2 protein chains.
Amino acid sequence: MTASFDRLQQVLRRLPGLGYRSAERIALYLSVEHPEKSPELAQALAEASEKIGRCAVCGNMADKPGDGSQPLCDICANPVREASLVCVVESVPDLLAIEKSGAYRGVFHVLHGRLSPVKGVGPVQLNLASLSERIASGKVTELILALSSDVESEATCHYIQDEVVKGRVKLSRIGFGLPSGTLIGYADATTLRSALDSRKGL
Amino acid sequence: MTASFDRLQQVLRRLPGLGYRSAERIALYLSVEHPEKSPELAQALAEASEKIGRCAVCGNMADKPGDGSQPLCDICANPVREASLVCVVESVPDLLAIEKSGAYRGVFHVLHGRLSPVKGVGPVQLNLASLSERIASGKVTELILALSSDVESEATCHYIQDEVVKGRVKLSRIGFGLPSGTLIGYADATTLRSALDSRKGL
């Protein structure tokens, strides 16, 4: 419509989950209908860019402290969390999903990716050195691998088992099976195979 | 998760069409997964805030010219558009919807609202004075009211007819009836009544 409106809409369209219509709606909202809301968003963006860093312990997002010390995330800083139990996840969204379930009381370690020779992601690109250090420190007693079941995640699990943990702590992997509420008739073959493999005695 | 992340997510949630999940997804994208995209959005917002103004003729959005002259929108500036035919709309999104249909070759006049005594919107709050001036200039021969059929829009139509146009130019209102592709059995009573009222001889 105008050069600056089109530019705003194009930038918004590249955000995840926004299509042409929703980007146009938000662009109209911010530039024509409620232009007074635009600086608020710009400020929140600037603040997030400036402040959000990675937790020095686990790699989760953490606000950088004002005194220049190392950032520490909410979870690592929380004395109630069981610091000897570490759940390894690929990404911050995965961590948030587990946090929201309310089913976990330990701490985390975020890899920020998974091994993928095709995409040029090797062990050095992942947050693995600090995981090895955490294990070496002796404060960790158990590691849970909360990674998916595709090929790259499987490879990452094996690498962690063989090259990082090396039998130093108890290691487990989250269970795979039928999602809660799913009808057996609608489950795919791989899920059913996992569910049968991970059956429990009654 | 962190104070600045929560703030970004909250601001995003207030945008139209974004709920908790989509706001979280975009906040994660901009602060953790692709922080390099954040300045681009901030810049597009700043540019839109700074540059987008209202067309001096019709009230549509228009980029402010660098030389300090009055902004003029694409449509008013386009010599191919029929400048004597003016379509009156309530908002810029309504104008965009008509533009996208490709069914209209005249120019527009954007009211930026509709009469609503309850919400304190009177004729002075709407972009009506300039509409009266456009009619007085003698360059307009026909006015089409493209307003909805609810009470406030009806009142706005009557006001424009009686107090602004005062018989000076030909006046019409867009047709109401069955939307294209709708089954008669699924149409509501008001739509069917409009469709019957606006029947055409064959």
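Computed from a predicted model, the values in this text were never measured in an experiment. Hydrogens, waters and symmetry mates play no part in the numbers below; they use all other heavy atoms, side chains included. First the proteins, then the strands, lettered A, B, ... as listed; each starts at 1.
Using a 4.5 Å cut-off between heavy atoms, B:L30 contacts chain A through its side chain alone, with no backbone atom that close. Contacts between B:E24 and chain A at a heavy-atom distance below 4.5 Å involve the side chain alone, from C-beta outward. Looking at B:L28, the atoms closer than 4.5 Å to chain A (heavy atoms on both sides) all sit in the side chain, from C-beta outward. At a 4.5 Å heavy-atom cutoff, the contact between B:R14 and chain A is made by backbone and side-chain atoms alike. At a 4.5 Å heavy-atom cutoff, the contact between A:A3 and chain B is made by backbone and side-chain atoms alike. Neither the backbone nor the side chain of B:E36 comes within less than 4.5 Å of any heavy atom in chain A. Neither the backbone nor the side chain of B:K64 comes within less than 4.5 Å of any heavy atom in chain A. Heavy-atom distances place no part of B:A46 under 4.5 Å from chain A, backbone and side chain included. The part of A:E33 that comes within reach of chain B is its side chain, from C-beta onward, which places non-hydrogen atoms under 4.5 angstrom from that chain.
A pairwise comparison of heavy atoms in B:A42 and A:L45 identifies N-CD1, 4.0 Å as the closest pair. Scanning all heavy atoms of the two residues, the minimum distance from B:V11 to A:L41 falls at CG1-CA, 3.6 Å.
The environment of CD in A:Q70 is sparse: at most 12 heavy-atom neighbours from other residues, nucleotides or ligands sit within 6.0 Å.
The shortest distance between side-chain heavy atoms of B:P93 and A:R25 does not fall below 4.5 Å. Looking at B:L8 and A:I52, their side chains never come closer than 4.5 Å, going by heavy atoms from C-beta outward. Side-chain contact between A:R7 and B:E40: present, with at least one pair of heavy atoms (C-beta onward) separated by less than 4.5 Å.
Under the 3.5 Å distance criterion, the side-chain polar atoms of B:D74 are left unmatched by any main-chain donor or acceptor of A:T2.
Going from atom OG of A:S4 over to atom CE of B:M61 covers 9.0 Å, rounded to the nearest 0.5 Å. B:L15 CG to A:S22 OG: the interatomic distance, rounded to the nearest 0.5 Å, is 11.0 Å.
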